[in-house]
Amino acid sequence: MTVRNIIRTIIVETPSKPGNLGKVTTAIGKAGGDIGDITTIKIGPLSTVRDITVHCESTEQLDAVIESIQSLENGIYVHAVSDDVLRAHEGGKIRMVSRMDIRSLSDLRRVYTPGVADVCRVIQEDPEKARYYTSIGNTVAIVTDGTAILGLGNIGSVAGMPVMEGKAALFDRFAGISGIPILLNTSDPDEVVSTIKHIHQGFGGILLEDIGSPHCFEIEERLKEELPIPVMHDDQHGTAVVTLAAVISACRSTDVNLKDAVVGQIGLGAAGLAICRMFMAYGVKEMCGVDRQEAALERLKSYGGTPLHSMEELMERCDIVIATTGVPGLIKPEMIRKGQVILALSNPKPEITPEEAVKAGAAFAADGRSVNNVLGFPGIFRGVLNAGATQISHPMLVAAAQAIADCTTPGELVPHPLDPKVHVEVARAVESVAEREMELEPSI
Ligand SMILES: NC(=O)C1=CN([C@@H]2O[C@H](COP(=O)(O)OP(=O)(O)OC[C@H]3O[C@@H](n4cnc5c(N)ncnc54)[C@H](O)[C@@H]3O)[C@@H](O)[C@H]2O)C=CC1
Ligand SMILES: CC(=O)C(=O)O
Ligand SMILES: [Mg+2]
């Protein structure tokens, strides 16, 4: 499938006669545009106005689509072109809402003063009760320092807020969890750790997001050690879980034994290194990697992986190739070996489109739209919060990957993210491992 990141709504007026909408849709298709929704806005005796959502590969293609419609003439007009994605973000994507109806004075006194004071006292006497009488146990901080926002780089945490709001929306939609974005204006590990430590008690868990490497590794490790609540850097472990699930499915379909396959990782940053660690822990014997930074190669080596000298060598040697570099178009079609599995996961644009990879001979190919950590993090946090676990462990992550793979229909690499079953199954798998671990090592 071609990557069509430009989504616009074109407002088109046509004469109210049969056949005119067909002319417009044909004109859009001829210029290479892909049609999404069509909504009729007005039907008059003489003319009809419709909103037509069009997905394009580039602004040049969008211009060609508009030109193609306009050239139809004979009463067919483009009135306006609006940017749906920007429009959808007007006012932000999330807000805090009350779970209580406040209609009477007695409601007010129950929700707020004086009634609330009794609840404060109950929690003061037994802080554990905050889990029952506040939203803390169902709230996760989504913390970024803005240094690795998608593949856009260090654009700052305010510019990254739309991503954090997106994660919060997904937490709510798929797991019923309140996600609260926290935008840091420091990426110094000491300051980040200290800031999160000072605010952690308002949250049931901490999701670190789009924090660049290598400082993300130290920040996560220290927070995991020092905080009594689950902490997970999603770009590391959420991505590794979903990638492992996708590769398990690909191996099932191609009759390849994953543990015997040679797996190559291009880009050994937050996502890439965690993917390597996850695959090696799963039992992959030969895990190769490349990165343009020597220190990243050293890190791979320290975990038992094999650093290679070039991407060409990796492409030549590996059966399964995963890329998380943030560099669009990095993998050229001529580098692909017949029968390879190619997961080019960078957002918003992959290292190679699945369409190009399959055309070049890949047996399976996917990008970051389908193999995306959205399949993991909502259920992972639902599971640990349900269990009251204080850590997210490696066995929980493997169980999450297995649950995702088990929800995948044959022929697909991963389930559809809107399939509610996948999030429920991930939560169930994580919760049951968490409970087992807590039985073995109950916290004091
Ligand atoms: N599909 C998904 O669920 C996810 C996708 N990603 C994507 O992965 C990409 C990387 O994200 P992070 O790991 O968080 O960033 P990062 O900045 O921690 O890592 C990027 C790594 O790629 C390396 N790199 C850059 N250009 C390279 C090249 N030409 N050859 C070899 N190595 C190169 C860098 O040196 C760095 O080590 C982003 O585009 C992000 O959108 C990240 C997390 C989840
Ligand atoms: C999906 C995601 O977390 C990323 O691209 O950074
Ligand atoms: Mg991310």
Side-chain angles (χ1 to χ4, degrees), residues 1-3 57 151 239-269 271-293 296-297 300-301 303-347 349-372 401 405 408 410-414:
M1 200 193 295
T2 314
V3 179
E57 288 167 41
T239 314
V241 160
V242 179
T243 309
L244 177 61
V247 171
I248 290 173
S249 307
C251 288
R252 265 185 205 155
S253 307
T254 47
D255 250 347
V256 168
N257 182 349
L258 174 55
K259 294 181 183 172
D260 296 331
V262 185
V263 183
Q265 171 66 42
I266 305 172
L268 298 166
L273 186 69
I275 291 169
C276 293
R277 290 175 62 190
M278 175 68 110
F279 276 60
M280 287 186 284
Y282 186 76
V284 169
K285 295 179 205 78
E286 202 169 350
M287 184 74 228
C288 306
V290 288
D291 197 286
R292 58 180 181 191
Q293 292 183 47
L297 294 170
L300 174 66
K301 204 167 160 191
Y303 283 110
T306 312
L308 297 182
H309 301 295
S310 69
M311 212 174 94
E312 285 73 14
E313 186 187 353
L314 182 142
M315 294 298 296
E316 181 61 41
R317 209 162 133 180
C318 298
D319 308 310
I320 295 161
V321 175
I322 304 149
T324 54
T325 60
V327 183
L330 184 67
I331 302 177
K332 307 294 171 217
E334 57 275 18
M335 295 175 174
I336 290 177
R337 225 181 54 195
K338 200 167 159 33
Q340 264 174 337
V341 174
I342 306 284
L343 303 181
L345 303 186
S346 286
N347 290 314
K349 293 189 179 149
E351 287 78 358
I352 186 167
T353 64
E355 194 181 51
E356 282 178 300
V358 168
K359 202 167 150 205
F364 274 102
D367 62 17
R369 288 170 305 168
S370 57
V371 179
N372 191 294
T408 306
E412 300 289 336
L413 284 186
V414 283

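For the single chain, residues carry numbers from 1 onward in sequence order.
The minimum heavy-atom distance linking Lys349 with Pro328 is given by the pair CB-CB, 3.8 Å.
Distance CG/Leu343 to OG1/Thr239: 12.0 Å, rounded to 0.5 Å. For the atom pair CZ of Arg317 and OG of Ser310, the computed distance is 10.5 Å after rounding to the nearest 0.5 Å. Residue Leu300 holds its CG atom at 6.5 Å from CG of Leu273, rounded to the nearest 0.5 Å.
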Audit row: Gln340, Met315, side chain to side chain contact (heavy atoms under 4.5 Å, CB included) steps and yes/no: CA-CA 9 Å; Gln340 264 174 337; Met315 294 298 296; 3.9 Å; yes

Output, in order, the C-alpha distance, side-chain angles, deciding distance and verdict of side chain to side chain contact (heavy atoms under 4.5 Å, CB included) for Leu258 and Ile320. CA-CA 9 Å; Leu258 174 55; Ile320 295 161; 3.9 Å; yes

Could you please spell out the steps behind the side chain to side chain contact (heavy atoms under 4.5 Å, CB included) verdict for Val247 and Val263? CA-CA 10 Å; Val247 171; Val263 183; 5.7 Å; no

Do Asn347 and Asn372 pass the side chain to side chain contact (heavy atoms under 4.5 Å, CB included) test, and can you show the C-alpha distance, the side-chain angles, and the key distance before you say yes or no? CA-CA 9 Å; Asn347 290 314; Asn372 191 294; 3.8 Å; yes

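The backbone N or O of Gly267 lies less than 3.5 Å from a partner atom in the side chain of Gln265, making a donor-acceptor pair. In this structure a side-chain-to-backbone donor-acceptor pair under 3.5 Å is missing from Asp367 to Ala344. Between the Ser346 side chain and the Gly326 main chain, a donor and an acceptor come within less than 3.5 Å of each other.
Glu356 and Thr353 share a side-chain donor-acceptor pair at under 3.5 Å. A side-chain donor-acceptor contact under 3.5 Å links Glu351 and Thr325.
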